[in-house]
Structure formats: C-alpha cells, structure tokens
Amino acid sequence: MSKDYKDTLNLPQTGFPMKANLANKEKELLEFWETGAIYKKMQDRDRTKSFILHDGPPYANGHIHLGHTLNKVLKDMIVKYKTMKGHYAPYIPGWDCHGLPIEHQVDKKLGSKKAHTAVTDKRKLCREYAERFVEIQRDEFKRLGVFGDWDDPYITMKYAYEASIVREFHAFVRKGLVYRGKKPVHWCPTCVTALAEAEVEHADKVSPSIYVKFRIKNPEGRITVDEEKGTSFVIWTTTPWTLPANMALAVHPEFRYNRVKSPAGELIIARDLTKDCMEKAGYSEDEYSVSDETWTGADLEGITCSHPWIDREVKTIAGEHVTLEQGTGIVHTAPGHGEEDFVVGLRYGLDVYTPVNDRGLFTEDVEEFAGQYVFKANNEIIKKIKGLGVLLGDAQDVSHSYPHCWRCKKPVIFRATEQWFVSMEKNDLRKKALEEIKKTEWIPGWGRERIYGMVEKRPDWCLSRQRSWGVPITLIRCGKCGEYVNNESVMDTIEKEVQTSGADVWFEKTAEQFLPEGYTCTHCDADEFSKETDILDVWFDSGVSHAAVVEADERLSAPADLYLEGSDQHRGWFQSSLLASVGTRGRAPYRAVLTHGFVVDGKGKKMSKSLGNVISPQDLTNRHGAEILRLWSSSADYREDMRISNEIIARLVDAYRKIRNTCRFLLGNIHDLDTLSSDMSTLKIDDLQEIDRLALSQLQNLIKKVTLSYETYAFYEVYHAVYKFCIIDMSSFYFDILKDRLYTFRADSKERRASQQVLYNILISLTKMVAPILSFTAEEIWRYIPGEKEKSIFLSDFPEANEALVDSELEKTWETLSIIRNEVNRALELKRKEKFIGNALEAKVTIYIGGEKRELLKKYEKKLPELFIVSSAGLRDRAEAPEGAYQGMEIEDIVVHVEKADGSKCQRCWNWDVSVGDQEDDPELCNRCYRVLAD
RNA sequence: GGGCCUAUAGCUCAGUUGGUUAGAGCGCACGCCUGAUAAGCGUGAGGUCGAUAGUUCAAAUCUAUCUAGGCCCA
C-alpha cells in the first residue's frame, strides 16, 4: 500500500465555482451593481475625453426580442470598453412612445367605446400603455447586464421632449421648409378616414380589367403616326374609376416598344407584352402585325396624347416603376390615386388631381359621373369608353390582391389629401444632407452608399398623420382665409405651454387661447381661428433626439460620436435624424454610424411566428443566463445577419465553460500568492523561465490584438482571440506544462512563485479584457482575485500592453519547439494505441534529428521532458534512428522513438525516475520530491 | 421588380496585392488521465471555397449570370 502524497502537493484551491449557475448568480451581481451604483461611479471620468454613444429609442410596445438584445449588448460592450479605456462614456437609454401601434392597441381595448372617447382621454390611455412597456423593457434590458442611466432615460412623451419636438418643428416652419401639399394615402370611404399602411389588409377582390387607347395628339417629332386613323398608346388598368384623374402615361426608359397594326388601329405597346395584350383583347395572331421598328421608352418620352373624353392633354413620361409583369408596359398615371404615380408625378410637375370626395363619390368636377360611388362608376366608365371606341376588346373580371380596410373589411381607395411636407429642395436640404453623409463615417462602409442612394431619391418628407397619439402639428389657421399664423410670439407661447403641460394642451385649449388678446389675421384681418388637427410623423419625434437629448442633456454633448442600430435604420432613424439635424443645424447629428444585421435562425431565415422559428431572449436568459446572449452577441460578425440556433447556443455554452475554467485554474493556482509583491512593476524577469516569458509575451500580443479589435468594434475578433489564447496558448500548452512546477515544487520556491506571478497577471488582464463582453463572469472573477483592487472591475482600467515583455524571437523559437512537441505527441499516441504506454509520463522519448533543429533542441535538451510532459527525453543523431520508430509528419527529417521510462514511478510527482527507491525512509519518492519534503 | 448586402468543413471564424496538397478552434470519433474532475490532455476523420460560364500560365480570391438568404423599397 503506497503512501498518499496528495497532501504534500500545492493543488489549486479556490471558492470560485466551476458550475456557473448563471441564471441565479446574475441576479446577485445585478443587485451588487445596483446598490453599489457602479454605473454612476463609472461616470466619474475626465469629461474632456468623452465618447458619446447616443441610444436609438426602441418602440415602447411589446417585450424585447433578440434584435433588441443584440443592439443593446453591442452598445453596452462599447460603453464599458470606452469607460475602462478612460473615457467619459455615459449611456442614456431612450424610448419612442408615440405612434400608431400603441394607438391601435388602445383602440382595440376601447372597442365600441372608441367613438365616444375624447382625444385627450385616448391619449391618456396611450400614455399609460407606453409607460407600462417602458417599465417592462427597462427591466428586460437591465437583466442583460446593460449599464446605463436607467433611472433617468429619455422618453419621447415626456413634456420636455414633446416641447423639443414642437420647437424643432417650429424651427423648420421658421426656415420656410414646411409646406402644405397633396399626397395620396390609403383612404377608407366607408369609415371616412385615412389609413396607415399597418391598417391596410390585403385580400382578394374582383375588378374589371381593361385595355384603353390614348390617341396621340402630337408625336412631338418622336415617331410617325397614322394621320388618318390615328395611333394610340394602350394602357391597362383594373381601376377604371381613376381614369378621370389620368394625368400622364408612364413608360420605362429602357424597355422596347413597338407599333402594332390591329383591327383597333395602330397601337403602341411594349414589345414583350404585345402578344399577351392582343390575346386578352381577343385578337388572334393573324389579325394583327407587329412592325420591325422599335423604340425605347426614353425615345417615347414627351409625346402628347388626348384624354379619351376629357379635354386634357396627357404626356408620356418615363418611370422606373413600370414593369413587364402584366399590362402593356405603359402605365396609366393618376398622381392623385397612386403612390408611385404621385412620386413620378412630382418629378414632372403633374397636378395631384383627385376628383373624389371623402365618401368615395366623384365630385362635381367629373361631369357625367358626379355623385357616383367610384366602385359603382366603374361600369359606367367602361360603357363610356366603349362607346368612344377606345376600349380594346372587352372588360374582363380579374381576381387580385387588393387593399382593404382592417376595420370594415371593405376595399379602400388611394386618394390625395392635404398633408404637411418638409421640402427636400428648399434651403438645399437634400444637397446638404448628401454632403453630410459623405463626411460621416459609416461602418460598414457600404452604409454610405445605401443611405446616400436613399436620400438622393427620396420624396419630400410627409410630416402629417391623421391620428391622435402623437405630437400635434402646432399650427393655427385663419378661419376665413385659411392662412397659417406664422408669428414668433405665438410659437413661443405654444412651446412654453407644451413644456409645462405636455402636448395634451393642444387638444385641451382652443386656438384663441394660444393667441394674444385681440389677435387678427395678418392677411384678412379676421379674428376666427382653428387649430391644425394632424399629428407629426413619429420619425420626427425620434429624429430630433439630437436636440431633445444630446444637446439638451447636460450628461451628453453634441454631435454624438456614434449611432448604432440595425441596418433598417438607414431608412428610419439615421435618415430622420440626419434631415432633422441638417435642416436646422446644417450638420449631421453623428460623427459615425455603425449598423448591425438582423437576427435569423440557424438556416439564415428570418424569425417569424408562422415559421415557428422564433427564439426569445427571455427563454435563453432563464435557461442559460444573459451571459450566453452577451457571448453570442460578441461571437459572430454582427455586420452580417446573426444566426442563432440550438447548436450555436450549445457551442457558446461550451466556449463559456472553457473560458470560465481557464480563469478558475488561474484563480486556484494563485491562492497562496502574496499579491502585494506580484505587480508587474515588481516582477523579476530574471526569475522567470523562458516559458513564463513566452506566456507573458503572448499575453501582450493578445492585449494589443484585443484592443485593436475593440477599437474597430470587431467583437467577434475579441472572442476568437481570447478563446484561442485560453485553449491553445494557455490550457493545452502553458498550463499543462506548468502543472508539475505548480504542484510539486516547494510552495515558496522561486520557480513556483515566478509562475504564479505570471498567472496572476494573466488572470487580471484576461478578466478585464473579457469584462465588456462577459460582464457578469468578469465581475464574479474579480471578487475572487486576491489583493487590493477597485470595487468593481468596471471601475478598473483596461490593460495596456507592455512592450518590454514582448519577445518575438522567443515566440519564434517556441513555435518550432511546439511543432516538435506535436510530433512527439503523435509518436506517443501511436504507442498508446498499442497499449505500450498510457500516461505520457510512462515514456522516455528519444529524438533523432539533424540540421538547425538539432542545434535548437540541443540548447533545450534539459527542458525537453518538461516540454513534452514525459519522464525523460534525449537527443541523438538522425543516422542512429532505429527501425520502425515514428517518422515526422510536419517535420520530415525527424524520428521519435518511444520507450518505457527508466526507473519507477514517483508516487508524489508521478514522473518515472531512476532515483525512486534511493531513499530508504521514503522509497516511493524520487530525489527531487524527497528534497522538497525534507525542507 | 429595384437599391444595398451575404454565401469557405456540422458551428463560429482565418485566408495578405489571384501563385504550392484551403487553415483554426469548437463539435464529432477514438484514446489517455483521474492531482483544473459535471474538468484536463492527445490523435483522427470532416470542405469539388453556393452554382455555372468567362478572364488568366494560375481563381476561394477578378468579371458576368444564376440560386439561396437578409434589410429597405416597389
């Protein structure tokens, strides 16, 4: 029975648990951060070195999803890194509270009571609804370990914020950028109301499909026409009732068009649709002929046609929206009744003509059909054009997807209504915005192209919404002449009222109450006024956060250093913020804009309830802890779409454990270290062995690499670099080799102490480096690290690389040694398979090698057993290599011979040695261990 | 349909200006250890670089088209 020497070893000791139990531990740490006011203390930094990341406000509706998680964690990692790097980096979270989705929810709850509910009461309900979700989301964000001023966030429905919105809107009015114009919107003639996109449902509807001829009146020299019988363009439509509002014919500039001679006369139709059109018009192939002559749409632009029955000249225009899917490649354009028609109409200065009233009846303008309901008038109109001989073939019923009202389920119409716009051209808003886009840093770089293209092409900004839950368009109009009051003191009054009482005041008071005593219209002298009832587009709300928050909040300063949101915000917040800021400040509100992709499932598909592939952050947090979500956020390249799946989570859990155990090993092996003398400054380089210096050198490289990656927001590079360091450089190499020294040497031996100092420094640096990502675990480790230190890891400084410790020569040498070690491992593995050995310590290794590598190994001959973790290792000439020994793979000219180690196994250090048995009082020990115990 | 973007082993990532048999870690398989132990170590098997065509002496890398997917529009 051999003696148990385990107690004589210096085995790792630590209370730091191997099993993280994150779901519970995280709550304890959150409590610690909260009561310790750690975020507040982090703000105690030099404000001249500030880094302002301005939060984009999520919408205060629903629980957070993985997209929110990714966004907030990315921001948090930046804020924590910047702070640890010595910056003043406050994070003021925000919420977007106004808008249709919340109003919808409230409407739903109100049900039939909606009609009798006053606007102000409804707004109150909306406010309560938003408040509730701000609370819910706040808790969910905090649960992720995201630091920020959660007690004092910015909220777009706070009175002060609402006043800022009004102020910024007035600034636009003052600069003359706001104008009133017409724009087609979805309109329900049954409910007599405008509908937002979200209030429109698509359903099948049967409509008449007709082809209509528009005779060319003047070809403007573009083409020749049949003077006698006439030449006509053919259009296709399923909404005959919009024909009275036809203002133009749109062709695609790049499509080919041709002349068709048919029984219905000479026609112009897109080449690729001729056959289809003729077929539908009821002509067989021998009844018509297509001439060889073709034109592009661009060739045909500017030709004057006559409206089929109204005395109106209709021109051909070019538009990219024209398609070859169906129809004739020539699009009947009624700017008052279609979004695309409207946009293209703006370019050509077409009248936004809408001879349809709010009940869907034709106005007096349309002589023959005045008073008729548009859908009913369809047949009358078809009859009319048939009588005129401009109907090609007959009307046919087609079933197609058509927008319907979500409430009454009846088909809706597009109808132009009066709206408020911000002009993109006045004051060169578009031009200036484009210039600012060029000056801003976009990460990734393609973000610039994307938003540039969008701003270049976008129409004027429609600011008004016919809704209740929002900030009102605070304009007053004369009841007599309709002119708007543009008066400084009136605007001031309104702004002040909103500041103290909120935007509700607009709905509570009369127009006169905002005007000075005895105020009369500057245009017509009338004294009756009415308030504008529309509210502002919610994008305007969040778009002015640069003014309402970044400029107004003493904690921040403008312009912000960074905006960070999903790539959908190129169209949303990045753009509304840009226009709001350029319009009034003449500059972008941000210096840099970083975008991330979307969260998709394991196959790269988007998550949706119908696909059933939705993964919730709440569920993952409960099962694995928020830390795994943080690690996930860092692990992949977020500039692309981020995949998440059970396998990905499983890999992350593994990776987490590995990093955690690496730190646990470090903690366990420095438990008896006097940390006061273990600072890097007091580190005695001379006491270190080469492998210790190698580890330190690798650590410096890691610090440099990780710092660079954080600076470029490439967190996945941090993740990979740290992970590789833990596994390759530390766990399987340095630590594995070091165990003998740590465990079996005298506890206070110079050699062991030196390695402990190295481990201590690695631990501190490593923990700090992962803190922005693995915040919970880093804080937990921090508490177990012995010695004097800051109360929280987030109050400490990020590690700096010490160039004096970098030794590239040494690294190169050890890289070669490492390759040789791989060869030895292969040789050992073969012997293990043969059951010749089990543990490598049972082996004695002889290396047969020549050349430079032999010279190198010669220098390290004494260290080879330690490096290979075998009991003994020798070096011989290549020529002496025995038959059948292992031949190198990576290194060709190396042979590794494995034999049983000489002597017997020391029961303490487990090395095989000939000295075992020499000592009579402890015959199971080798001389080295005997001496250690003797001291 | 348009604009922007993506596509390398089961997973997450490397692959410098086109230049040898495309790399890493994890996972997997097999094994060792039982003194980091719901740990640790080793070895090994995995890829026609989304597809096709082209440029080139040479392409994962350049070009075009297509396919699949994402965001934003329509």
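Naming convention: chains lettered A, B, ... in sequence-line order (proteins, then strands); numbering from 1 in each chain.
Taking 90° from 0 as the syn/anti boundary, the base of B:G31 is oriented anti.
With hydrogens and angles left out, the side-chain atoms of A:Tyr656 and A:Thr777 include a donor and acceptor closer than 3.5 Å.
Between A:Tyr716 and the phosphate of B:A14, there is a side-chain N or O to OP1/OP2 separation shorter than 4.0 Å. Note on A:Lys6: a side-chain N or O is less than 4.0 Å away from OP1 or OP2 of B:G35.
When each of A:Pro12 and A:Lys724 is assigned the nucleotide of RNA chain B bearing its nearest heavy atom, the one mapping closer to the 5' terminus is A:Lys724. For A:Leu9 and A:Glu823, each mapped to the nucleotide of RNA chain B holding its nearest heavy atom, the one lying further toward the 5' end belongs to A:Leu9.
Per the geometry, CG belonging to A:Asn10 stands 11 Å off C1' belonging to B:G35, to the nearest Å. When the P atom of B:C11 is taken as reference, atom OH of A:Tyr656 falls 25 Å away, rounded to whole Å. Remark: P of B:A36 and CD1 of A:Ile869 are 11 Å apart, rounded to the nearest angstrom. Summarising the geometry, the separation between CG on A:Asn661 and C1' on B:U37 is reported as 10 Å, rounded to the nearest angstrom. Summarising the geometry, the separation between CE on A:Met889 and P on B:G42 is reported as 16 Å, rounded to the nearest angstrom. The separation between A:Lys605 atom NZ and B:U67 atom P is 15 Å, rounded to whole Å. A:Phe868 places its CZ atom 15 Å from the C1' atom of B:G42, with the value rounded to the nearest Å. In this structure, A:His720 places its NE2 atom 5 Å from C1' of B:U12, rounding to the nearest Å.
Heavy-atom distances under 4.0 Å link RNA chain B to A:Trp446, A:Arg450, A:Met454 of residues 446-460 of chain A, given in residue order. Within residues 725-744 of chain A, the residues approaching RNA chain B are A:Ile727, A:Ile728, A:Ser731, A:Ser732, A:Phe735, A:Asp736, A:Lys739, A:Tyr743, by heavy-atom distance under 4.0 Å. Contacts between residues 567-574 of chain A and RNA chain B, defined by a heavy-atom separation under 4.0 Å, are made by A:Ser567, A:Asp568, A:Arg571.
At a threshold of 4.0 angstrom between heavy atoms, the contacts of A:Gly668 with the nucleic acid are absent. Note on A:Arg826: only backbone sugar-phosphate atoms sit closer than 4.0 angstrom, heavy atoms only; bases stay farther off. Counting any heavy atom pair closer than 4.0 Å across all strands shown, A:Arg657 reaches sugar-phosphate atoms only and no base atom. A:Ala636 comes within contact range of the sugar-phosphate backbone alone, with a heavy-atom separation under 4.0 Å but no base atom that close. A:Asp637 comes within contact range of the sugar-phosphate backbone alone, with a heavy-atom separation under 4.0 Å but no base atom that close.
With sequence neighbours excluded, no residue forms a ring pair (Phe, Tyr, Trp, His ring centres under 6.0 Å) with A:Tyr930. Residues forming a ring pair (Phe, Tyr, Trp, His ring centres under 6.0 Å) with A:His252 (at least two apart in sequence, or on another chain): A:Phe255. Every residue two or more places apart in sequence or in another chain that forms a side-chain hydrogen bond (donor to acceptor under 3.5 Å, both in side chains) with A:Arg832 is listed here: A:Glu829. Under the salt bridge (Lys or Arg N to Asp or Glu O under 4.0 Å) criterion, A:Glu866 pairs with A:Lys863, not counting sequence neighbours. Contacts of A:His332 classified as side-chain hydrogen bond (donor to acceptor under 3.5 Å, both in side chains), with partners at least two apart in sequence or in another chain: A:Thr242, A:Asn246. Legend: residues meeting side-chain hydrogen bond (donor to acceptor under 3.5 Å, both in side chains) with A:Lys457, ordered by chain and number and at least two apart, are absent. Applying the ring pair (Phe, Tyr, Trp, His ring centres under 6.0 Å) test to A:His65 and every residue at least two apart in sequence or in another chain returns A:His68.
The list of salt bridge (Lys or Arg N to Asp or Glu O under 4.0 Å) pairs with a residue in residues 594-603 of chain A, not counting sequence neighbours, is empty.
Across B:G31, B:U37, B:C5, the shortest atom-to-atom separation from the side chain of A:Met18 is found for B:U37. Comparing B:U43, B:A39, B:C32 by their nearest atom to the side chain of A:Lys835 picks out B:C32. Distance from the side chain of A:Arg664 is smallest to B:A36 among B:A36, B:C11, B:G44. The nucleotide whose nearest atom lies closest to any side-chain atom of A:Arg643 is, among B:G35, B:U12, B:G42, B:U12. Checking B:G70, B:G27, B:C13 against the side-chain heavy atoms of A:Asp654 singles out B:G27 as nearest. For A:Lys833, counting side-chain heavy atoms from C-beta on, the closest listed nucleotide (B:G44, B:G42, B:C13) is B:G42.
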What dot-bracket string describes RNA chain B from 5' to 3', counting Watson-Crick and G-U wobble pairs whose defining distances are under 3.5 Å, with [ ] for crossing pairs and | for pairs to another strand? (((((((..((((.....[...)))).(((((.......))))).....(((((..]....)))))))))))).

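Comparing the P positions of B:A58 and B:G19 gives a spacing of 14 Å, expressed to the nearest Å. B:U56 and B:U48 have their P atoms separated by 28 Å, with the value rounded to a whole Å. To the nearest whole angstrom, the two P atoms, one in B:U16 and one in B:A36, are 41 Å apart. Between the P atoms of B:A9 and B:G15, the separation comes to 15 Å (whole Å). The P atoms of B:C5 and B:U63 are separated by 12 Å, rounded to the nearest whole Å.
The only member of A:Tyr723, A:Tyr716, A:Phe715 that meets ring pair (Phe, Tyr, Trp, His ring centres under 6.0 Å) when paired with A:Tyr719 is A:Tyr723.
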Begin from the C-alpha positions of A:Leu564 and A:Tyr713 and carry the test side chain to side chain contact (heavy atoms under 4.5 Å, CB included) through to its verdict. CA-CA 11 Å; A:Leu564 192 179; A:Tyr713 312 122; over 6 Å; no

Apply ring-ring contact (aromatic ring centres under 6.0 Å, His included) to the pair A:Tyr886 and A:His897, showing each step before the final yes or no. CA-CA 6 Å; A:Tyr886 169 85; A:His897 186 48; over 10 Å; no

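Nearest heavy-atom pair across A:Ile648 and A:Trp632 is CG2-CD1, 4.1 Å.
Under 4.0 Å is where a charged nitrogen must lie from a carboxylate oxygen, and between A:Lys183 and A:Glu339 at least one such pair does. Ion pairing between a basic and an acidic side chain is recognised when a charged N comes within 4.0 Å of a carboxylate O; A:Lys831 and A:Glu842 show no such pairing. The pair A:Glu890-A:Arg826 counts as a salt bridge, with a side-chain nitrogen and a carboxylate oxygen less than 4.0 angstrom apart.
The neighbour count for A:Glu892 CD, taken as heavy atoms of other residues, nucleotides or ligands under 6.0 Å away, does not exceed 12.
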